[in-house]
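Lettering of chains follows the sequences in order, A, B, ..., and the numbering in each one begins at 1.
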2 protein chains.
Amino acid sequence: MLAMSTVETFERPLTTVDLAIFSIQDEALHVLLVKRPAAKGEPYPNLWALPGGFIDLDRDDDLEACASRKLKEKTGVVTPYLEQVGTWGGAKRDPRGWSTTTLYFALVAADSVALIPGGNAGDAKWARVDGHRVRDKLAFDHAELLQEAVERLRSKVEYTSLPAFLMPSEFTLSELQRMYEITLDRLLEKKAFRTRVLATELLEEVPRMRSGANRPAQLYKLKSRKKPIFFTRALSGERG
Amino acid sequence: MLAMSTVETFERPLTTVDLAIFSIQDEALHVLLVKRPAAKGEPYPNLWALPGGFIDLDRDDDLEACASRKLKEKTGVVTPYLEQVGTWGGAKRDPRGWSTTTLYFALVAADSVALIPGGNAGDAKWARVDGHRVRDKLAFDHAELLQEAVERLRSKVEYTSLPAFLMPSEFTLSELQRMYEITLDRLLEKKAFRTRVLATELLEEVPRMRSGANRPAQLYKLKSRKKPIFFTRALSGERG
DNA sequence: AGAATAGTGTCTCTAAGACAGTATGAT
DNA sequence: ATCATACTGTCTTAGAGACACTATTCT
């Protein structure tokens with residue numbers, strides 16, 4: 001390498017962006033996994049991994065644009081909740097050399113993402129999150145990345161409206177509460193939940209009801225699909 | 001470049017680690033700045049910037065080791081509080097090309113860091129943080145990085161024991177409260193503060209008192225210098 | 001009527017906030 | 001005694017949690 005200035009004298013690590021894309025399926029938290037390619041030179045062939053890959057320096061203006069692009073490629077979803085979890089970098093995490101990955105987590109509503117395993121056939125799947133992990137052995141340090149993403153998600157659910165981003169466009173308070181319970185993996189008290197949520201600027205009534213074999217329920221929609229609401233107190237976190 | 005495997009076909013961004021090193025000086029929050037070199041090819045010559053630089057792929061095992069190394073080089077401090085804030089990456093933030101920087105913030109006790117502006121003479125200084133910024137114009141996007149670091153610091157002070165890491169080895173409750181007030185830039189109520197702090201496992205009495213021109217105060221030390229304590233509720237954040 | 005889920009009334013509990021009061025040293 | 005700061009007593013307030021109660025639809 002030609003040393004034109006000091007910047008050239010430093011070797012550059014491999015730089016990737018990975019995604020933990022969460023969604024609720026069958027009343028359980030799921031994360032999207034993709035299968036590692038089997039081509040020669042590829043590490044961890046055929047293992048499952050979080051979707052992600054190298055930054056395209058020509059197409060990606062910044063890290064978040066890169067994450068958005070990869071999310072859209074995998075799920076078709078364009079405006080989900082997307083948050084940077086952190087960056088892992090080190091000499092050992094990729095056999096090809098010193099590498100960094102910046103991890104984002106995304107929340108997508110189940111009904112907005114019917115499209116996945118179809119385009120790339122069987123090389124992508126939703127895996128159920130059990131505790132902090134998934135049944136499959138994951139490539140690289142992705143088990144650790146996933147654990148941190150799940151922990152970030154769970155801890156933020158305690159004091160924000162994040163689960164609202166997992167909802168379809170209209171939903172009832174009971175359905176939203178169920179989404180909280182699934183992401184937290186514990187039951188919540190109905191009255192406290194409703195008071196808490198309705199005390200904020202999060203929801204707006206729509207003049208429709210959800211009918212079933214019981215009393216109809218008021219339907220709500222999000223006032224804004226932009227940023228989550230922060231509550232003044234976290235849930236206590238010990239009850240069941 | 002020779003394409004030996006797919007990994008070689010991707011250009012790699014410049015990758016750096018930067019630090020927002022905070023300390024309390026003269027009853028105010030300060031951050032350590034270094035002056036950009038004036039050598040040709042160096043962007044933003046002579047402007048102040050957050051300390052940082054390229055990863056040394058041979059010496060730095062991982063990102064945090066790199067941050068620790070740079071912190072030690074600048075301040076001599078070896079075991080401070082160090083937390084990753086996030087990673088900024090994009091095509092425009094460094095004129096030399098697509099670059100990423102991973103920002104860490106560190107909290108160092110004022111008395112543990114007498115050594116700085118001396119080694120490198122006038123190329124480093126403590127700058128007072130006013131609101132979310134500093135008087136000097138900063139290089140790159142460091143004003144934005146600093147703002148995020150300050151916001152992270154302030155918001156975590158609301159519900160953690162972070163300011164404890166800014167204290168000398170022994171201190172009184174009033175001194176700790178003052179540290180909270182300085183980092184938050186607002187006054188706190190004494191009784192509530194003491195109850196909150198003493199209800200945790202954070203502090204341990206030492207059998208000594210701080211004497212002055214008044215009633216002596218009980219001295220305390222941290223039970224652990226490792227991780228911060230998380231309180232169950234945040235401060236309300238509106239009073240003054 | 002009964003099942004099922006929506007939604008409320010009300011009490012308790014915890015920890016923050018307000019603020020006045022007492023305690024203990026130096027001068 | 002006075003001042004300054006340390007420390008406590010106690011009332012108020014906000015919001016979580018518990019839990020029983022009422023409401024409304026369907027079958």
[N] [atom2] sits how many Å from [X] [atom1], rounded?
X: A:R194; N: D:dA16; atom1: CZ; atom2: C1'; answer: 16 Å
X: B:L198; N: C:dA15; atom1: CG; atom2: C1'; answer: 14 Å
X: A:L187; N: D:dC19; atom1: CG; atom2: P; answer: 14 Å
X: A:E205; N: C:dA6; atom1: CD; atom2: P; answer: 15 Å
X: B:F193; N: D:dA6; atom1: CZ; atom2: C1'; answer: 14 Å
X: A:R186; N: D:dG17; atom1: CZ; atom2: P; answer: 7 Å
X: A:L188; N: C:dA6; atom1: CG; atom2: P; answer: 15 Å
X: B:Q177; N: D:dA6; atom1: CD; atom2: P; answer: 9 Å

Sorted by chain and number, sequence neighbours left out, ring pair (Phe, Tyr, Trp, His ring centres under 6.0 Å) with B:F231 holds for none
* To do: Return the set of residues passing ring pair (Phe, Tyr, Trp, His ring centres under 6.0 Å) with A:Y180 (not counting sequence neighbours), or none when no residue passes.
  =>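 A:Y180 satisfies ring pair (Phe, Tyr, Trp, His ring centres under 6.0 Å) with A:F193 only.
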message: Does anything in residues 164-173 of chain A come within less than 4.0 Å of DNA chain C? Heavy atoms only, and list the residues if so.
response: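 None, since no heavy atom is under 4.0 Å.
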Taking only residues two or more places apart in sequence, or in another chain, which ones meet B:S23 in a side chain to side chain donor-acceptor pair (under 3.5 Å)?
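Listed in chain order: B:Q25.
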| said: Going by the rule side chain to side chain donor-acceptor pair (under 3.5 Å), which residues pair with B:D141 if we only count those two or more places apart in sequence or in a different chain? | reply: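 Counting only residues at least two positions away or on another chain, B:D141 forms a side chain to side chain donor-acceptor pair (under 3.5 Å) with B:R93.
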Tell me which donor-acceptor pairs under 3.5 Å the side chains of residues 201-209 of chain B have, and how far apart each pair is, sequence neighbours excluded?
unit_1: B:E201; atom_1: OE1; unit_2: B:K223; atom_2: NZ; d: 3.2
unit_1: B:R208; atom_1: NE; unit_2: B:E170; atom_2: OE1; d: 3.3
unit_1: B:R208; atom_1: NH2; unit_2: B:E170; atom_2: OE2; d: 2.5

Notebook entry, point to check: Do A:T102 and A:T87 have side-chain N/O donor and acceptor atoms under 3.5 Å apart?
Noted result: yes
Residue pairs passing the salt bridge (Lys or Arg N to Asp or Glu O under 4.0 Å) test with at least one member in residues 131-140 of chain B, sequence neighbours excluded, are B:K125-B:D136
- Item | Inter- and intrachain pairs under salt bridge (Lys or Arg N to Asp or Glu O under 4.0 Å), touching residues 145-156 of chain A, at least two apart |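 Qualifying pairs, neighbours excluded: A:E83-A:R152, A:E83-A:K156.
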(request) Ignoring backbone atoms, establish whether B:S174 has a side-chain N or O less than 4.0 Å from OP1 or OP2 of D:dT5. (result)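 No.
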A correct 5'-to-3' footprint of nucleotides 19-27 of chain C, with B, S and - meaning base, sugar-phosphate only and no protein heavy atom under 4.0 Å, is B---BBBS-
Could you list all N or O pairs between the protein and nucleotides 11-14 of chain D that sit under 3.5 Å apart?
unit_1: D:dA14; atom_1: N3; unit_2: A:R233; atom_2: NH2; d: 2.9

Side chain to side chain contact (heavy atoms under 4.5 Å, CB included) filter on A:I182, not counting sequence neighbours, yields A:I24, A:E27, A:R178
So ring-ring contact (aromatic ring centres under 6.0 Å, His included) across residues 208-228 of chain A, not counting sequence neighbours, yields none
Side chains of B:F22 and B:T183 in contact at under 4.5 Å (non-hydrogen atoms):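 SC-SC contact between B:F22 and B:T183 ruled out.
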